[in-house]
2 protein chains.
Amino acid sequence: MIDNAGKPTRKPRADAARNRARLLDAAKAVFAERGGAASLEEVARTAGVGIGTLYRHFPTRDALIEAVYRNESDQLVRAASELAASRPPVEALREWMRLFFNYMSVKHGMMELLDSLADGKSSLYAASGAETKRTIDFLVKNAVSAGEIAVDIEPLDLLRALGGMVQYGGGRDDEEAAAHALIDIMIAGLQAKRPR
Amino acid sequence: MIDNAGKPTRKPRADAARNRARLLDAAKAVFAERGGAASLEEVARTAGVGIGTLYRHFPTRDALIEAVYRNESDQLVRAASELAASRPPVEALREWMRLFFNYMSVKHGMMELLDSLADGKSSLYAASGAETKRTIDFLVKNAVSAGEIAVDIEPLDLLRALGGMVQYGGGRDDEEAAAHALIDIMIAGLQAKRPR
DNA sequence: TGAAATACGGAGGTGCCCTCCGTTTATCAA
DNA sequence: TTGATAAACGGAGGGCACCTCCGTATTTCA
């Protein structure tokens, strides 16, 4: 009775919008406190809605996380253009990788984003994942064009390596310094291979 | 009534030894098939013992994984001495990192080993984790002494980066080539910083 | 205003974690 | 050999989380 090209869509219900917003707020809080593996029932409780409501709005855990962190990853993508415009290609790349690490380690839930970089099979991150890929590809390509580095690696792998630092670096106090050191080393490695 | 320095310990019961072995076999099989997050109840079922028996032998999931993979990580440690004896320091390091990646990616359950590299709080891996740390430290130090590289990074971080490749590289077909590329880049980066 | 569309929310089935404890079995002393 | 006893077995059960389903409540629109 409803043809999917049809216009006659109702206005979305007020309670639906309200609950969706509540769930996002609650999820942000709970994920921040407990990490991305927190219980979805706790999220629902915190939001003051039933568990059924949570699942209607976000059919999978991934869908929820995706929604919560879409903003953050958008920010990351936007920062890339600014860096590219204002710095030498290699420095833009270096700085962006630092930003990437910070986002991942602070917003710990964003680690799930990395899973989507894998093969896109959990395709709910597909959007952000693809954008992230485009971003790092872009930055790397810039530096290559400028003759500053050579790449014989898929650029995303640089981010995967950083992901390992976040995942397995667990809470030491020099975490950030260590990540910066790794970034410098990887970039030095890429520079070492540039055409002379 | 039993003083803990006392000798009068009984011979361990035959069924206990048998069940322990069965559990290890079952765990190896189940972890290989389902990954390190497999259900412990399934392990017990596969082993043909009760769940209580599993928990008596291995009080935590970590303890079980540790036991299953202790052999493999021993092998890794042993390989390091051979490589160090037969190759130039940098090549020994390169080759060992390749081995490390292979072990991690094939025996997928070994990823849990990496968690122990963090802060030793889940101290059941403490033994293997500490040995792994000693091993990579040793290989790196050799290369530094030979003047082939300079390090301003904790050596373990190199393995963490590789861990990211395993964790987030999920099943692409060029996984191994990609890891080798990353290893080469990191080593080139370390070489770039060596004293001239 | 009231019918139809939409959303709510929690009960309930499933599966896993881990503990506890009554039953069974292997060891060892007599 | 025998039987007392330490040790091990194994599964029932409480708790928690996942996710589905559907009767009830609310909102929209004609």
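Residue numbers begin at 1 in each chain, while the letters A, B, ... track the order of the sequences. Only a predicted model underlies this, so the values are computations on that prediction, with no experimental measurement involved. The figures here come from the full heavy-atom set of this structure, side chains too, leaving out hydrogens, waters and symmetry mates.
- A salt bridge between A/Arg22 and A/Asp25 is absent, with no side-chain N of the basic residue lying under 4.0 Å from a carboxylate O of the acidic one.
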Write down the protein N/O and nucleotide N/O pairs, taken from nucleotides 20-22 of chain C, whose separation is under 3.5 Å; answer none if there are no such pairs.
none

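- A distance of 12.5 Å separates CD of A/Gln191 from CE of A/Met186, quoted to the nearest 0.5 Å.
- A/Val77 and A/Met104 are members of different hydrophobic clusters when ILVMFWY side chains are connected at heavy-atom separations under 4.5 Å.
- A residue-by-residue look at A/Arg18 and A/Ile51 shows that A/Ile51 has its nearest nucleotide of DNA chain D further toward the 5' end.
- The CG atom of A/Leu40 sits 16 Å away from the P atom of C/dG9 (whole-angstrom rounding).
- Rounded to whole Å, atom C1' of D/dA8 lies 12 Å from atom CG of B/Leu23.
- With the end axes of the helix from C/dT1-D/dA30 to C/dA30-D/dT1 each set by five pairs, the angle from one to the other reads 0° at 10° resolution.
- Between the side chain of A/Arg20 and the main chain of A/Asp15, no donor-acceptor pair closer than 3.5 Å is present.
- D/dA7 atom C1' lies 16 Å from atom CZ of B/Arg20, rounded to whole Å.
- As rounded to whole Å, 14 Å separates atom P of C/dT6 from atom NE2 of A/His57.
- Linking Ile, Leu, Val, Met, Phe, Trp and Tyr residues whenever their side-chain heavy atoms come within less than 4.5 Å places A/Val68 and A/Tyr55 in a single cluster.
- The environment of CZ in B/Arg34 is sparse: at most 12 heavy-atom neighbours from other residues, nucleotides or ligands sit within 6.0 Å.
- Interatomic distance, CZ of A/Arg94 versus CG of A/Leu99, reported as 13.5 Å (0.5 Å rounding).
- Closest to the side chain of A/Ala14, out of D/dT28, C/dC16, D/dC9, is D/dT28.
- Remark on DNA chain C: of its neighbouring residues B/Ala37 and A/Thr53, the 5'-side contact belongs to A/Thr53, judged by nearest-heavy-atom nucleotide.
- In this entry the distance linking CG of A/Asn19 with C1' of C/dT6 reads 13 Å, nearest Å.
- Ion pairing of A/Glu82 with A/Arg87 is absent here, as no side-chain N (NZ or NE/NH1/NH2) approaches a carboxylate O to less than 4.0 Å.
- Residue A/Leu54 is classed as having no contact, given no heavy-atom separation below 4.0 Å to the nucleic acid.
- Rounding to the nearest 0.5 angstrom, the gap separating the OG atom in A/Ser81 from the CG atom in A/Leu139 is 8.5 Å.
- Whole-Å rounding puts the B/Tyr55 OH to C/dT19 C1' distance at 10 Å.
- The nearest whole Å value for the distance from the CG atom in B/Asp15 to the C1' atom in D/dG10 is 12 Å.
- With hydrogens and angles left out, the side chain of A/Glu42 and the base of D/dC16 share no donor-acceptor pair within 3.5 Å.
- Atoms CZ (B/Arg34) and P (C/dG15) sit 12 Å apart, rounded to a whole Å.
- For the pair A/Arg61 and A/Glu66, the salt-bridge criterion is not met [side-chain N within less than 4.0 Å of a carboxylate O].
- Contacts of B/Ala44 with the nucleic acid, taken as non-hydrogen atoms under 4.0 Å apart, are absent.
- Note on A/Ser39: only backbone sugar-phosphate atoms sit closer than 4.0 angstrom, heavy atoms only; bases stay farther off.
- Not a single donor-acceptor pair, N or O on each side, falls under 3.5 Å between the base of D/dA8 and the side chain of B/Arg13.
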